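Working notes, beginning with the structure itself.
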There are 2 protein chains.
Amino acid sequence: MPSKQPKMKDVAALAGVSIKTVSRVLNNEPHVQHALRTRVQEAVASLGYVPSKSARSLRGSRSYSINMLCHSDLSNYVNAIQFGAVIACQQRGYQLTISLMDTVEGKSAAQIKDELQALTAHSIPDGVILVAPFADDPHVIQAFEELSIHVARIGPSLEPEGHIHIGINERKAAFEVTSHLVELGHKRIGFVRGLENQSVTEQRFQGYKAALLENGLQTNPDYVCKGEFDFRSGARAAEKLLELDPPLTAIFASNDDMAAGVMMVANRRGVKVPENLSIVGFDDSEIAENMWPTLTTVRQPLQQFGEVAALKLIETVGKPTPQMVPPTILKHKMIIRESTAMLHTSGSD
Amino acid sequence: MPSKQPKMKDVAALAGVSIKTVSRVLNNEPHVQHALRTRVQEAVASLGYVPSKSARSLRGSRSYSINMLCHSDLSNYVNAIQFGAVIACQQRGYQLTISLMDTVEGKSAAQIKDELQALTAHSIPDGVILVAPFADDPHVIQAFEELSIHVARIGPSLEPEGHIHIGINERKAAFEVTSHLVELGHKRIGFVRGLENQSVTEQRFQGYKAALLENGLQTNPDYVCKGEFDFRSGARAAEKLLELDPPLTAIFASNDDMAAGVMMVANRRGVKVPENLSIVGFDDSEIAENMWPTLTTVRQPLQQFGEVAALKLIETVGKPTPQMVPPTILKHKMIIRESTAMLHTSGSD
DNA sequence: ACAATATTTGACACCGTTGTCAAAATCATA
DNA sequence: TATGATTTTGACAACGGTGTCAAATATTGT
């Protein structure tokens, strides 16, 4: 016979106080004597009482839920962020909900707003986590602003903006990993770009260019290929890049999935990695260790992105429209594995 | 100036009916004249009214949310199911929430129940979707039963059970893919098992054994390796299996990730796939196409699993404790790609 | 045409919390 | 000690819907 879910009433009765006092204790409100507070907390614990989210959000101004807006492309990038977000939410008594939206391409600002409103109307979240490809979409951000729903954007930016945003210094990370290749003696270094609607694409490219420039190397447009952040486009890019003559000695693919594509093509063509070709990726997703040779890459603290995003949103609940706020820049880390090696100084290169 | 969220009151006023009538229309209750029903629906549409989840679930008996219980191991298996679940939920005006629980190993039934109760107490979902590794855990299932929360289990079973469950005929699928290898002339076929706490592991193994038996082949214990459903364990298994003499000509890894590990080791050892070794996986996850050669495998309708699970749960809301119900068996499909080929009849094998 | 019945509709209480506000208790000051 | 200021506490309404039940209306049978 399972005992019924206790209500606030029951806690109040047990502690010998009014319902409202229990509410005060639960919400960490001031104006409660220390002794009473303790008594209430004991009662709560002994009954295993948990307040009802529905009642709270109906009456109060918060919903105790954070929403993560996802695109239909599943990826372990998003997956890892979501994981961090759930953890943070769970710790704070929040719920993480998932919503899906098709790509925004070709939709008007009004249309986007309507869609997002419909998605959130029945249960307005206390905040929304935006990841690629929405994190860079001004319409989406603006829509939530108009709906006065707080937003945490996961994506690159070093400037203060009107909402929470979290990322790493993409440009610097790309700079470092490119420099690593240069230090290994590489001079003809290819680059595979990502999706053009995501600002990381340009940022990583800037880092690549800057590192070359710094070392007195030219950026050769022939060395740069488009890509779409997936395995296939990485493979396609490699097909082109490995045709070049004189041959490239290294390729920087701007994420791991594409790097895996490059690696596959290299293997298939008999180009030895890392002896004849060094490859680096970006993200340090699971796949980086699950290929052979294992992939040198840049680790992004994806899970932490999700955690911080959720936490900051929860902290901001009830606060007025967010002012200009500096981005939270987390630490990245270059992970050197087997796919990069010192260039064979074969001849006069 | 954004117009306020309309309330039921507003709809009622516009349609010239009572609040209760609006409620009736919204919940598809009987006893509303057709004319009125239409008028209300028009009013709802014109105001863009969406009922509040909090209010509904506070007063009513459903929460309009489905929870998916996940383990901390991210995988695209779970990811794909989640995707399907979100779609189904979104269509029906439901929310999908995500919860995380550590592994249940070594926890008592009571402890598990407490944890799950704490997880769901503040917002009791109308149903929970259980995937590996919880889908096969009797304690978890029992806990939800005691909490009278409906459960949809995604995992293999051909027998009626006391809750919704969805899967493919794992044994048959494994049988088919093994038979495919046999038809290609293979006789020495290795097998890599999965995690032992998931019942698919045994089911797939049974299918493998049955196919061998059917074709008059012996199951050789030396050909069978343990595995953990991840790349690394697949690689480890391959290291052992490829040592055998006479050498195996085919390996069936019981999921794609492990197959990828096998493939990597084969590549590294210079064993040509499929010329000298055929490899098959299971799942048809993204990685199956992202390796070289591409992987022959069995496609599971993962997204559909999620969709069906969510839908069935939503349909069952309010119904009494679920009776014995037959499993929903969805269609699998063998996907033949490049990693399998006719055995070279080199000599007298 | 009228009673008996079935159908449609609405008034109102209620779900479990939080916000408002006034009462009670405590403290500081004269 | 009386008075005012301050802190602590609780009574009560309210959030936005749904469930109950009785009233109003339509339908049927005689």
Side-chain angles (χ1 to χ4, degrees), chain A residues 4-41 43-44 47-65 93-95 120-124 126 317-318, chain B residues 4-41 43-44 47-65 93-95 120-124 126 317-318:
Chain A
K4 273 238 168 84
Q5 286 280 345
K7 311 291 157 66
M8 211 156 185
K9 195 174 56 175
D10 307 316
V11 178
L14 182 59
V17 298
S18 76
I19 291 185
K20 180 65 205 183
T21 300
V22 178
S23 171
R24 287 205 179 88
V25 172
L26 261 77
N27 293 293
N28 276 313
E29 286 175 28
H31 306 309
V32 180
Q33 278 193 350
H34 185 68
L36 276 197
R37 192 175 290 268
T38 318
R39 224 159 73 210
V40 169
Q41 281 160 343
V44 166
L47 289 175
Y49 166 76
V50 181
S52 144
K53 204 178 83 108
S54 310
R56 284 184 131 181
S57 56
L58 176 58
R59 184 55 173 130
S61 44
R62 48 206 291 180
S63 71
Y64 295 90
S65 68
Y94 264 67
Q95 287 249 190
T120 52
H122 50 68
S123 152
I124 299 171
D126 288 345
V317 174
Chain B
K4 275 235 168 91
Q5 286 280 347
K7 312 291 158 64
M8 210 156 188
K9 196 174 56 176
D10 307 317
V11 179
L14 180 59
V17 297
S18 76
I19 292 185
K20 181 63 206 185
T21 300
V22 178
S23 170
R24 287 206 179 87
V25 173
L26 259 79
N27 292 293
N28 276 314
E29 286 175 28
H31 306 311
V32 181
Q33 279 194 347
H34 186 67
L36 275 197
R37 192 176 290 269
T38 318
R39 224 158 75 209
V40 169
Q41 280 161 344
V44 166
L47 290 174
Y49 167 77
V50 181
S52 143
K53 202 177 83 108
S54 310
R56 286 183 129 183
S57 57
L58 177 56
R59 181 56 172 139
S61 46
R62 48 206 290 178
S63 71
Y64 295 90
S65 67
Y94 264 68
Q95 286 249 189
T120 52
H122 50 67
S123 151
I124 300 170
D126 288 344
V317 175

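Lettering of chains follows the sequences in order, A, B, ..., and the numbering in each one begins at 1. Given the structure is predicted, the values throughout are model-derived calculations rather than measurements.
- Within 3.5 Å, a donor on the side chain of B:R24 pairs with an acceptor on the base of C:dG10, or the reverse.
- Residues A:V17 and A:R24 form no side-chain contact, since every pair of their non-hydrogen atoms from C-beta on lies 4.5 Å or further apart.
- Among the nucleotides C:dG19, C:dC15, D:dT18, the one closest to the side chain of B:R56 is D:dT18.
- Applying a 4.0 Å cut-off to non-hydrogen atoms, none of the residues of residues 9-16 of chain A approaches DNA chain C.
- A residue-by-residue look at A:T21 and B:A55 shows that A:T21 has its nearest nucleotide of DNA chain D further toward the 5' end.
- To the nearest 0.5 Å, atom CG of residue A:L58 and atom CZ of residue B:R56 are 13.5 Å apart.
- Taking atom CD1 of A:I124 as the reference point, atom P of D:dG17 lies 11 Å away to the nearest angstrom.
- At a threshold of 4.5 Å between non-hydrogen side-chain atoms, the residues B:V317 and B:Y94 count as touching.
- A 4.5 Å side-chain heavy-atom check between B:Y64 and A:H122 finds every atom pair outside the cut-off.
- Straight-line distance from the NE2 atom of B:H122 to the P atom of C:dC15: 22 Å, rounded to whole Å.
- Between the P atom of D:dG16 and the CG atom of B:L58 lies a distance of 12 Å, rounded to the nearest Å.
- Side-chain proximity of B:V32 to the nucleotides C:dT17, C:dT9, D:dT18 is greatest for C:dT9.
- A sub-4.0 Å separation between OP1 or OP2 of D:dG17 and a side-chain N or O of B:Y49 is present.
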Please lay out, stage by stage, how A:L36 and A:R39 fare under the test side chain to side chain contact (heavy atoms under 4.5 Å, CB included).
CA-CA 5 Å; A:L36 276 197; A:R39 224 159 73 210; 3.5 Å; yes

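- Contact of the A:S65 side chain with the A:K53 side chain is registered, since non-hydrogen atoms from C-beta on lie closer than 4.5 Å.
- Residue B:S52 places none of its side-chain N or O atoms closer than 4.0 Å to OP1 or OP2 of D:dG17.
- Here C:dT7 presents its C1' atom at 13 Å from CZ of B:R37, a figure rounded to the nearest Å.
- Atom OG of B:S52 sits about 9.0 Å away from atom NZ of B:K7, to the nearest 0.5 Å.
- Remark: side-chain polar atoms of A:S63 are paired, donor with acceptor, to backbone N or O of A:I124 under 3.5 angstrom.
- Of the two residues contacting DNA chain D, namely B:R59 and B:Q33, the nearest-nucleotide position lying further toward the 5' end is that of B:R59.
- Distance, A:I19 CD1 to C:dT17 P: 8 Å, rounded to whole Å.
- In this entry the distance linking CD of B:E29 with P of D:dT20 reads 10 Å, nearest Å.
- In this structure, B:L36 reaches the sugar-phosphate backbone alone: every heavy-atom distance under 4.0 Å involves primed, P, OP1 or OP2 atoms, never a base.
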Walk me through whether B:N28 and B:R37 qualify under side chain to side chain contact (heavy atoms under 4.5 Å, CB included).
CA-CA 9 Å; B:N28 276 314; B:R37 192 176 290 269; 4.2 Å; yes

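- Here the P atom of nucleotide D:dG19 and the CG atom of B:N27 are 7 Å apart, to the nearest Å.
- Base engagement by B:K20 is indicated by at least one non-hydrogen atom pair under 4.0 Å involving a base atom.
- At the heavy-atom level, B:Y64 lies nowhere under 4.0 Å from the strands shown.
- A distance of 11.0 Å separates CG in A:L47 from CD in A:Q5, rounded to the nearest 0.5 Å.
- Atom CG of A:L26 is separated from atom P of C:dG19 by 13 Å (rounded to the nearest Å).
- Computed from C1' positions of five pairs at each end, the angle between the two local axes of the helix from C:dA1-D:dT30 to C:dA30-D:dT1 equals 40°, rounded to 10 degrees.
- Here A:S18 does not reach the OP1 or OP2 of D:dT9: none of its side-chain N or O atoms lies under 4.0 Å away.
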